[in-house]
Amino acid sequence: MNLQAKERVNPSPVSPRDPRALPPQITNAAVREWIARCVEMCQPEAVYLCDGSAAQQQELLDRGTRDGTLIRLNQQKLPGCYLHRSNPNDVARSEQLTFICTASEDMCGPTNNWMETKTAYAKLRGLFDGCMRGRTMYIVPFVMGPVGSPLAKVGVQLTDSLYVAVSMAVMTRMGDVAWKQLGEGDEWTRCLHSLGDVNPERRYICHFPQDNTIWSFGSGYGGNALLGKKSLALRIASYLGWQQGWMAEHMLLMGAKGPDGKKAYIAAAFPSASGKTNFAMMTPPAKYQEQGWEITTVGDDIVWMWVDPATGRLRAVNPEAGYFGVLPGTNEKTNPIAMRCMDRNAIYTNAALLPDGDVWWEGKTEQPPREAIDWTGQPWTPDCGRKAAHPNSRFTAPMCNNPALDPAANDPNGVPISAIVFGGRRSRTIPLVYQAFNWMHGVYVGATLGSETTAAATGQVGVVRRDPMAMLPFIGYNIRDYLVHWFRMRKKMKDCPRIFHVNWFRRDEQGHFLWPGFGDNMRVLKWIIDRCQGRAYASETTLGWMPRAEDIDLEGLSLTVSQLEVIQSVDNDAVKNELLSQEELFLKMAGDLPKEMVFQRELLISRL
Ligand code: SAT
Ligand code: MN
């Protein structure tokens, strides 16, 4: 290691009031000034500039292992892998403590928690004041989006969490690359984060879209603390997209190459913890692989989309560089690709630890281990009555680990989108798949998306909640303007993607899933792609275009055509009730409901 590199890996203590003591690699004057002010407010003992090098990441992982933030796992089995246990009160996103801070409440709208800008800064300043005393402040420069992409965004996160710093290195394009992308420019997101005392009473995740600023206090959990992810790439970016004419969405992005060599890219929105990662990494049934079908992953959680002026088509990039996926239920059968993604250089959060330094979670293997240390650090046995891993335990893994990574995953020009798929987690009423009649109808379908809640957010699990475009917790401005923006995007496109709705989660009276899901979702995907490419048949129904039972390939499944008819059945009375339950959202929006939404609902009622 040369001397310069060594200097960089060693934390350089700064005297809090002297900004000139900041590392010289930071040349942007506005960035230096902002960091100096944050240092003055938070009063860290030292600052540490993250440069994105492998040597430095290792230095931090070693440091975290020494101070107990991380546990080094069995390096023969899981090279480069570590386990982190979070505070038990801090295991999921805290939507009730997440705020959009704007001058007027109307900018924030009825679906977000609002705090007036000045009030929010004042309140959080009180919390940040001196909060890093005795701690190191990590300076984390990062880029969201492929470097050089017209949409790529620079952020700088200041954090006192080593776990957050090493996770940001996996999830974003982190380090010197960000200073290069930024230059002397002023377009960057100011991200300030402190664990504080990890007390839910003093936990606030505040977004200031008009200032391109995020202040997060009191949580170290993924979506609350890795500020490049939900906070920047969705909440702030959705606001910027609205202002600038592009879109930031809570979607996976996958490529599907057919036997004819033609490739289609599909973006799909499902609520958190509803299988986006599994769908994005789908392994098609053997028969499809033999025929030449190939599924590749561009992203598993977030897409940024814009209309290419040259072609009038929607294009998309994945702003992230890693996956923050759910562990429970992930295994060699349900998602072998995710298993490959996390078998090296991954950080596990709230998984159980095995005696040999491996990790385990519910559903990883059919047979549970005889003993483990659970996610809270307590001894665990299969009959102890507790879960070994937290239901929202996660893996953080670099996307370059993915053996099925799409070749365009780092392409600054992104990929063209053929289909947009909305998916809910619905035990009843909603069929396996249907296609919206057109873009405007598709926006209505997405806007009225309903889903049963999961463990990814704190709160009750399993109740149907309206989750427009799976974006309810992530729209950084007024939902009225967000929906109008979706409708208006149509005007910019010459050839717009087809829009579909899927539900892998329909159950019978006994509560059994009716559709096998996972790799067999390929059968539905094939119909979707065939529809986009003008091949497959569909019949017109109340909800939209639907495949007849014979249009979905069932060969090799134990499912019969009549069982598929049950999964695809639409009961008009149930749809009427569904319409009533949409009122919940509509009433919230009251007079602000875009007129296109009212038209689409009237059309649906008239079809009924
Ligand atoms: O928000 S997280 O990134 O913690 C996970 C999710 O809810 O999608
Ligand atoms: Mn998500």
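When a ligand or atom number is given, it counts from 1 through the structure's own listing order.
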Next on the checklist: Is it the case that over 12 heavy atoms from other parts of the model lie below 6.0 angstrom from the CD atom of Glu187?
Outcome noted: no
Checklist entry - Going by the angle between their ring planes, with limits at 30° and 60°, are Phe270 and Trp504 parallel, tilted or perpendicular? => result tilted
Checklist outcome for this item: On a heavy-atom basis, the closest approach of Trp304 and Ala233 is NE1-O, 2.8 Å
Checklist entry - How close does the nearest protein non-hydrogen atom get to atom 1 (O) of ligand 1, and which residue and atom is it? => result Arg93 NE, 2.6 Å
Item to check | Within 45° cone and under 6.0 Å: Arg425 NZ/CZ vs Phe505 ring | outcome: yes
Checklist entry - Quick one: angle His250 NE2 - the Mn ion (ligand 2) - Lys230 NZ, to the nearest 10°? => result 90°
Checklist entry - Taking the N/O/S atoms of Asp301 one by one, which is nearest to the Mn ion (ligand 2)? => result OD1
Next on the checklist: Is there a polar contact between ligand 1 and Gly222, counting only N or O atoms under 3.5 Å apart?
Outcome noted: no
Checklist entry - Non-hydrogen atoms of Arg394 versus ligand 1: any pair closer than 4.0 Å? => result yes
Next on the checklist: Could you identify the single nearest non-hydrogen protein atom to atom 3 (O) of ligand 1 and state the distance to 0.1 Å?
Outcome noted: Lys229 CE, 3.0 Å
Checklist entry - Can you tell me which residue and heavy atom of the protein come closest to atom 8 (O) of ligand 1, and the distance to 0.1 Å? => result Lys230 NZ, 2.9 Å
Item to check | Minimum heavy-atom distance Pro146-Asn410, with the two atoms named | outcome: CB-O, 3.4 Å
Checklist entry - Nearest protein heavy-atom contact for atom 6 (C) of ligand 1: which residue, which atom, what distance? => result Ser272 OG, 3.3 Å
Checklist outcome for this item: Which of Phe128, Phe99, Tyr204 passes ring-ring contact (aromatic ring centres under 6.0 Å, His included) with Phe217? Answer is Phe128
